[in-house]
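Start at 1 and go down the list; that is how both ligands and their atoms are numbered.
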Amino acid sequence: MEVVICATPDEVARVAAAKVARVLRDAGPRAVLGVATGSSPLALYAELAALAASGRLALGEVSAFALDEYVGLPYEHPESYHSVIDRTVTRPLGLDPARVHVPNGMAADIAAAASDYEAAIKTAGGVDVQILGVGSNGHIGFNEPTSSLASRTRIKTLTARTREDNARFFPTLDDVPRHCLTQGLGTIMDARACVLVAQGEAKADAVAALIEGPITAMVPGSVLQWHPHATIVIDEAAAAGLTLAGYYRETFDNKPHWQAYAR
Ligand code: F6R
């Protein structure tokens, strides 16, 4: 696991974008990008959009797969992840909407929608780089604590904590859906690289548990310790609970030139 501690949230976005851009370029024009919703990756998407707009990153043929979607929230609802991905990823990055996929939380047969989503990822050749945030309870995607570390795309019930965390996007807590369709931890682990971003002190406990705690279904993001190419990019506040912060800084500052990427 590569851990990069940045001075500011802006630097988190720049470093993470540099990492994602490098993997996308290496994967070629038809690369497959995994995208998360939520606040954490917004500045990273803005950086990728700027790279694309300046011609330094070609995204026109790139496919994208979202991690998750609420069940029963119509696509046109502004907080459906279909809408959020369209607003924050597809349009700013200039992706071809036909190549952008979000799980179908409105399907009559949710189990079939889940297996169709797995099949679509496979048909696209698998995800080259998966962008992730982390919930304050350690979830990635909507894999809540006690999710199987081998899970695939399926319906999950959101915890009270996640619904409270996401209530800021809805008029009232009661409006936050209770169920979601999410890629599983096994699905996420199939991505060839993962880049997780986290900012702020509210994430410090989850970040410390994910990076330095035991691998446990109680902290679903800790499964990334088992991933061969996981990069965690965090600001100082989110890094506050880390025991080996000095080592992570030293490692990043002394990378061999062929491995280094810009801050
Ligand atoms: C959403 C997702 C979630 C979020 C997490 C953090 O697609 O994958 O795991 O990344 O809930 O959300 P924010 O970034 O809003 O704190």
Side-chain angles (χ1 to χ4, degrees), residues 9 12-13 16 20 33-47 64-71 73 77-90 100-105 114 117 121 127 129-147 151 153-170 173 176-189 191 194-207 209-210 217-224 227 230-235 237-238:
V12 169
V20 170
L33 175 65
V35 289
T37 56
S39 308
S40 308
L42 292 177
L44 158 58
Y45 294 142
E47 288 288 332
F65 285 86
L67 282 170
D68 39 27
E69 174 60 290
Y70 292 115
V71 167
L73 203 61
H77 189 288
E79 295 307 329
S80 81
Y81 286 175
H82 278 78
S83 295
V84 173
I85 291 292
D86 186 59
R87 200 164 61 230
T88 63
V89 178
T90 311
V100 179
H101 309 266
V102 180
N104 181 4
Y117 202 65
I121 296 173
V127 172
V129 56
Q130 175 65 57
I131 293 171
L132 296 164
V134 61
S136 60
N137 64 359
H139 74 209
I140 54 172
F142 273 145
N143 294 283
E144 300 286 38
T146 70
S147 287
S151 49
T153 303
R154 70 221 181 284
I155 191 168
K156 284 296 287 181
T157 302
L158 296 173
T159 59
R161 184 159 179 192
T162 297
R163 291 184 65 243
E164 280 157 21
D165 284 349
N166 287 5
R168 67 190 192 279
F169 299 116
F170 292 87
L173 180 58
V176 184
R178 287 192 178 271
H179 297 105
C180 64
L181 194 51
T182 180
Q183 286 189 32
L185 294 171
T187 320
I188 293 169
M189 288 292 284
C194 290
V195 176
L196 183 147
V197 287
Q199 312 86 350
E201 60 182 346
K203 297 292 173 70
D205 289 347
V207 163
L210 184 155
M218 282 300 283
V219 182
S222 65
V223 73
L224 293 174
H227 196 288
T231 300
I232 315 292
V233 190
I234 50 182
D235 68 359

Determine whether any heavy atom of Arg168 lies closer than 4.0 Å to an atom of ligand 1. yes

Is there any N or O on [X] that sits under 3.5 Å from an N or O of ligand 1?
| X | result |
| --- | --- |
| Thr37 | yes |
| Gly141 | yes |
| Asn166 | no |

inquiry  = Between Tyr70 and Phe169 (judged by ring centroids, cut-off 6.0 Å), do the two rings come close enough to count as a pair?
reply    = no

Sub-4.0 Å atoms of ligand 1 with respect to non-hydrogen atoms of [X]:
| X | answer |
| --- | --- |
| Gly133 | 10 (O) |
| Leu67 | 8 (O) |
| Lys203 | 6 (C), 13 (P), 16 (O) |
| Ser39 | 13 (P), 14 (O), 15 (O) |

Identity and separation of the nearest protein heavy atom to atom 11 (O) of ligand 1:
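Result: His139 NE2, 2.7 Å.
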
task: Please write down residue, atom name and distance for the protein heavy atom closest to atom 2 (C) of ligand 1.
output: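 Ranked first by proximity to atom 2 (C) of ligand 1 is Asp68 OD2, 3.5 Å.
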
*Have a look at ligand 1 and work out which part of Glu144, if any, has a heavy atom under 4.0 Å from it: side chain, backbone, both or neither.*
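Answer for Glu144: neither.
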
*asked:* Can you tell me which portion of Thr162 lies within the under-4.0 Å heavy-atom range of ligand 1? Options are side chain, backbone, both, or neither.
replied: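 It is neither part, as no heavy atom is under 4.0 Å.
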
Parallel, tilted or perpendicular: which one describes the rings of Phe142 and Tyr81, with boundaries at 30° and 60°?
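Aromatic pair Phe142/Tyr81 classed parallel.
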
